[in-house]
Amino acid sequence: MTPVKTDKQEIDLDVCYREFAPRLFAVAYRILQNQTDALDVVQECFLRAFRNRKKFEARARVSTWLYRITVNLCYDLLRKRTREKKIEYLDNYDIKSVPFDGEKNLQQEKLVGQIKQEMKKLTPKQRTVFILRLYEALPYNEIARITRSRVGTVKATYFQSVMKLRRLLRQRGVLKNEMPAG
Amino acid sequence: MRCQQVEQLILECLTEGVCLPEEIQQHLKQCQHCQQTLAEIKTVVTYCRKETLPSFSEDFWQQRFLSLRGKTVSVPPLRFILGLSGSVAILVMAGLIFFTSPGFRTKFHHETASLQERTLLPSEDELFQLVDYLKEEDPSLGLQLLLKN
């Protein structure tokens, strides 16, 4: 992995950006379900990181710090949306499914779209833990540092989020006879 | 092994992408409920992972980085600039108010006038000396000057 700190113990913004911007975008996009907002969050995250670089604790990992800023910014945005009573805006916003790389299986695409819809019913904390664990494959202790929770709480939250998703999909009748290939 | 423990382990194995331990496989052979759970969690995890994201080119991220770089150029903190300009403005205003106030002008003129009086007019002793002098030289002129002053 590329070093993200120089000899002067200062964060190298260029290296950090190249390495983490796409990953942070993925997290922000999955939490917010909106491309423009996610891109804005990434920019704001790096701007904050740069401005507060002197406060950064050397013992922590830069990635953890950046993930934490991103997640907090996403929460702020979600709170702002709630304040502005734009919950319905989330439901109608940017829902279009991204096509699969390989086979254009409409059934699968539909199922992914349904899962995406149901994911919006998870709480922000559940969604964050789910995204960081499943998509980013981060270990529980790192997720705990990002979300400022205990490892046990994170494990429980991840389990709950999957079970909730499963229950919601079952209620929708999606999971009845659906079995993934492989 | 309890079913809830098995569910948690199934989720962990599917998340990590590793094979299920022998112990769980044995449990699954006997438990219909956990078989169902395995199938459903597998569906959720598999299809969640199939969701792809909008992808951007290297150039796109480079452009974004350049625009970010522009915002991070170090300028004096806004608080410092505002504080300095505020102090200067207060000083200028105070100076203007002080030097243009009627009180200041009156006092200034009064002091100037009294200074002028003090320098132009002779003192009482000087006046009497002058009168005495003029009395000796020209008594009528001395008297006129005394009356005049």
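Protein chains get the first letters and strands the later ones, always in sequence-line order, with residue 1 at the start of each. Reckoned from all heavy atoms, side chains included, excluding hydrogens, waters and symmetry mates.
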Checklist entry - Is there a path of hydrophobic side-chain contacts, each under 4.5 Å between heavy atoms of I, L, V, M, F, W or Y residues, that connects Phe159(A) with Leu168(A)? => result no

Item to check | Contact origin within Ser55(B) toward chain A - heavy atom pairs under 4.5 Å | outcome: neither

Checklist entry - Ile81(B), Leu84(B): one ILVMFWY side-chain cluster at the under-4.5 Å cut-off? => result no

Checklist entry - If you round to the nearest 0.5 Å, how far is CZ of Phe50(A) from CZ of Arg69(B)? => result 6.0 Å

Checklist entry - For the candidates Leu11(B), Val44(B), Ile41(B), Leu14(B), which exhibits the highest count of non-hydrogen atom pairs separated by less than 4.5 Å from chain A? => result Leu11(B)

Next on the checklist: Any heavy-atom pair between the side chains of Thr43(B) and Leu169(A) that's under 4.5 Å?
Outcome noted: no

Checklist entry - Leu66(B), Phe56(B): one ILVMFWY side-chain cluster at the under-4.5 Å cut-off? => result no

Next on the checklist: Tell me whether the count of non-hydrogen atoms from other residues, nucleotides or ligands lying under 6.0 Å of CD in Glu23(B) goes above 12.
Outcome noted: no

Checklist entry - Can you name the closest pair of heavy atoms from Cys48(B) and Phe130(A) and give their distance? => result SG-CZ, 3.6 Å

Next on the checklist: Given heavy-atom pairs under 4.5 angstrom as the criterion, report whether the side chain, backbone, both or neither of Ala137(A) touches chain B.
Outcome noted: neither

Checklist entry - Got a sec, which residues hit salt bridge (Lys or Arg N to Asp or Glu O under 4.0 Å) with Glu12(B), two or more places apart in sequence or on another chain? => result Arg133(A)

Checklist entry - Does anything in residues 57-65 of chain B get under 4.5 Å of chain A by heavy atoms, and if so which residues? => result Phe60(B), Trp61(B), Arg64(B), Phe65(B)

Next on the checklist: Side chains of Leu53(B) and Arg30(A), heavy atoms from C-beta outward: is any pair under 4.5 Å?
Outcome noted: yes

Checklist entry - Can you tell me if CD on Gln32(B) sees more than 12 non-hydrogen neighbours from other groups inside 6.0 Å? => result no

Checklist outcome for this item: Comparing Leu134(A), Val162(A), Leu165(A) against chain B, the one with the most heavy-atom pairs below 4.5 Å turns out to be Leu134(A)

Checklist entry - So does Arg51(A) have more than 12 non-hydrogen atoms from other groups sitting under 6.0 Å from CZ? => result no

Next on the checklist: To the nearest 0.5 Å, what is the distance between CZ on Arg166(A) and CD on Gln36(B)?
Outcome noted: 7.0 Å

Checklist outcome for this item: Correct closest heavy-atom pair for Val112(A) and Tyr47(B) would be CG2-O, 3.6 Å

